[in-house]
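Please read all numbers here as calculations on a predicted model, not as lab measurements. Per chain, numbering begins at 1; letters A, B, ... match sequence-line order.
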Protein chains: 2
Amino acid sequence: MARARGAKPSGSVTSHDVARLARVSQATVSRVLRDDPNVRPQTRERVLKVLAETRYEPNAAARAFRAGRADSIGVVVARLSYQLYPAMLEAIGAQLARLGRRMIVWDSDHGGDAPAIRALRQGVVDGVILTAATAESEFLREVSAEGSAVVLLNRTVADYASDQVSSDNLDGGRRVADYLVACGRERIALIGGIPRASTIRDRERGFRKSLERLGRELPPHYYFRSETFSHASGEQAVTRLMELASPPDAIFCVNDVLAMGAMDGARARGARVPDDLWIVGYDDIEIASWGAYDLTTVRQPMELMVAQAIDLLLARIDRRDAPVHHKCLPNELVIRGSTARQTPPASQPARKPRP
Amino acid sequence: MARARGAKPSGSVTSHDVARLARVSQATVSRVLRDDPNVRPQTRERVLKVLAETRYEPNAAARAFRAGRADSIGVVVARLSYQLYPAMLEAIGAQLARLGRRMIVWDSDHGGDAPAIRALRQGVVDGVILTAATAESEFLREVSAEGSAVVLLNRTVADYASDQVSSDNLDGGRRVADYLVACGRERIALIGGIPRASTIRDRERGFRKSLERLGRELPPHYYFRSETFSHASGEQAVTRLMELASPPDAIFCVNDVLAMGAMDGARARGARVPDDLWIVGYDDIEIASWGAYDLTTVRQPMELMVAQAIDLLLARIDRRDAPVHHKCLPNELVIRGSTARQTPPASQPARKPRP
DNA sequence: ACAAGAAATGACTACGAATTCATCATGCCC
DNA sequence: GGGCATGATGAATTCGTAGTCATTTCTTGT
């Protein structure tokens, strides 16, 4: 039994200890720590000396308890295996660090949003950023209605009273369709995903609607819904599409991993990209720019999205009755070698062609 | 100013409130919460009913304050852009969640280990897992000497009195050398990295030593040290190597991203892998198995390493005088299409050939 | 039915930092 | 030099939980 009850972190020097050693009251130590001007320089000096000597560190639990806030923010992530999410987490972490907040991370694979929301209610965190498109929990609905400090990032739910930040996935899908049609692609296919995720749903809808508007409705056999967002799914999907009597000459994949799987699958069947088949992805993860894939894709303004999500969250932590915002940022089509190499800019005008 | 001083998390129902409503003492509420057997079923029922009605959640700060522990573990990571680290983080998170611990994440890019160690001293976290190979701070040295709950994961420092878990990088490098020689490669090159990281250093040393033992010392012009572990560095390195009068026929890259960069660079210069050039990586990140790279590489027993690191950490949190362990786990050469396609198993025996 | 013991419960307290309020010291002005 | 403002400091208090210890209530055996 190495620990007494109520054991404290290593040093376990308290502000009372410091006060005693510096022959002042605990209140004065607290004042010095908080840089209160009402301390005589001489006294401050003495206290600072003892603080340094004892290597005092304030007890975080006591401080949080007293202050009523934790200075920590919760982040719920999913599928860290997909590069977009580590990148997002990295951005969130960097920005929170700059703001002096800690970041507690939950993986939505283990209980979805619930553990994070629970932590919020217990005061473990001051607010929560939800990035994972988990099922719409009634738990979340309720918390959201309470005006709790919860922000949905890269995920929208129309009737939640929570702040939400996403990029314009509808427009992203539209851009891809416009681009492919403008470049004269004739047989355009779509590899989509589970419609539970709002982002995916919007990408698909934007893509379809734009095709329709251009008189090029997507035929059912050119649509493949993959159950998971994996490389293997992309391979499988492209294999099906290429087995068709009239295989597509362009495929839009709703995210980059699917696109890379599709590319590898197509190549394995002897197709050349982009000579025989164009492939477009979504997200612009780092690998997309590497030589092996050199993937045309849609890039979201990640840093900006994260910044806005954190802004909204901190604002709401400050005042829970702050107005609810649903932000939707524009994104950008990044054209690379998986499309376009030898096709000249098409004559058919698109709404926003980026030849 | 929407918040009173000492504001509490949303509900802000305390155990006193519950006690009042259930017409019992706060102590009894506490007992019910902690499942103390000394509560009459009837009383327990009444309290539970109020607990449910009020949606009571214990105040985490007060609890942590009182209990003297945070039930949180800190993790310092680096370069989340390299897939190995998100995978590691995911494993750590999953295992901690299973143990009922929260995970606070710091990116070593912002202050190195210091913020995490500081948090440890303040009791924000009960222990820290350091995965990032940052500079050897005197801060850490000191903390380590104190017997604080710190574990180095995938990183070794000989004279730190901390628990350490890594895989046998020396042996991993050795295996690669043995394999390449055994398969009859004649001109073997090495793309290495900053020797600050113990893992990288060991991989290089193991590789070199094994070559020497086999009478195939690495000539200086076949060694390239990249400053960063990036795809671009790999491309750059391979370009240099291929410009040599006698370019290598096999390259060992000390991690997978470098290997992928090298592969893309080699292909861009018209070389075929593995027909003209073999490439071997290290880490076996997910992409390594994808068709575009199909990379031969060395896999570390990640889940096991994480499990052992957490075991050691929790043991040390329990008793700071626990014996110090330096664990070193074996790893595995995973042979794929970036090597070996048409070379038959060599006649020359290697120590542990895996043809 | 009563004592003795066990079970159930409540009053009270500690934990550490930050804050309020009271008090004491100091300097300044006329 | 007396009085008053201001600056510096300490005593006391608060926060919510989980303990300790004392007290009350119940159960059981005779």
A side-chain contact here means heavy atoms from C-beta on lying under 4.5 Å apart; do [X] and [Y] qualify?
| X | Y | result |
| --- | --- | --- |
| B/R63 | A/F65 | no |
| A/N59 | A/T14 | no |
| B/E303 | B/Q95 | yes |

Distance, rounded to the nearest Å, where [X] contributes [atom1] and [N] contributes [atom2]:
| X | N | atom1 | atom2 | result |
| --- | --- | --- | --- | --- |
| B/Q122 | C/dA17 | CD | P | 10 Å |
| A/N59 | D/dG16 | CG | C1' | 14 Å |
| A/R66 | D/dA12 | CZ | P | 17 Å |
| A/R121 | D/dG16 | CZ | P | 16 Å |

Checking the side chain of [X] only, and the main-chain atoms of [Y] only, is there a donor and an acceptor separated by less than 3.5 Å?
| X | Y | answer |
| --- | --- | --- |
| B/R320 | B/E146 | yes |
| B/Q83 | A/S81 | yes |
| B/D126 | B/I73 | no |
| B/R44 | B/P37 | no |
| B/H326 | B/S162 | yes |

Phosphate OP1/OP2 of [N]: any [X] side-chain N/O under 4.0 Å:
| X | N | answer |
| --- | --- | --- |
| A/S15 | C/dA17 | yes |
| A/R63 | C/dG16 | no |
| A/Y56 | C/dG16 | no |

CZ (B/R118) with more than 12 external heavy atoms under 6.0 Å: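 Result for CZ/B/R118: open.
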
More than 12 heavy atoms from other groups under 6.0 Å of CD on B/E45: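 Count not over threshold, so no.
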
Centroid distance under 5.5 Å and plane angle under 30°, A/F65 vs D/dC15: yes

Partner of B/M88 under side-chain contact (heavy atoms from CB on, under 4.5 Å), chosen from B/L80, B/L153, B/V77: B/L153

Selection: residues 34-55 of chain B, any non-hydrogen atom under 4.0 Å of DNA chain D: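 The answer is B/R34.
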
Helical bend (five base pairs per end, nearest 10°) for the helix from C/dA1-D/dT30 to C/dC30-D/dG1: 40°

Close residues, residues 16-33 of chain A, relative to DNA chain C [heavy-atom separation under 4.0 Å]: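 By residue number: A/Q26, A/A27, A/S30.
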
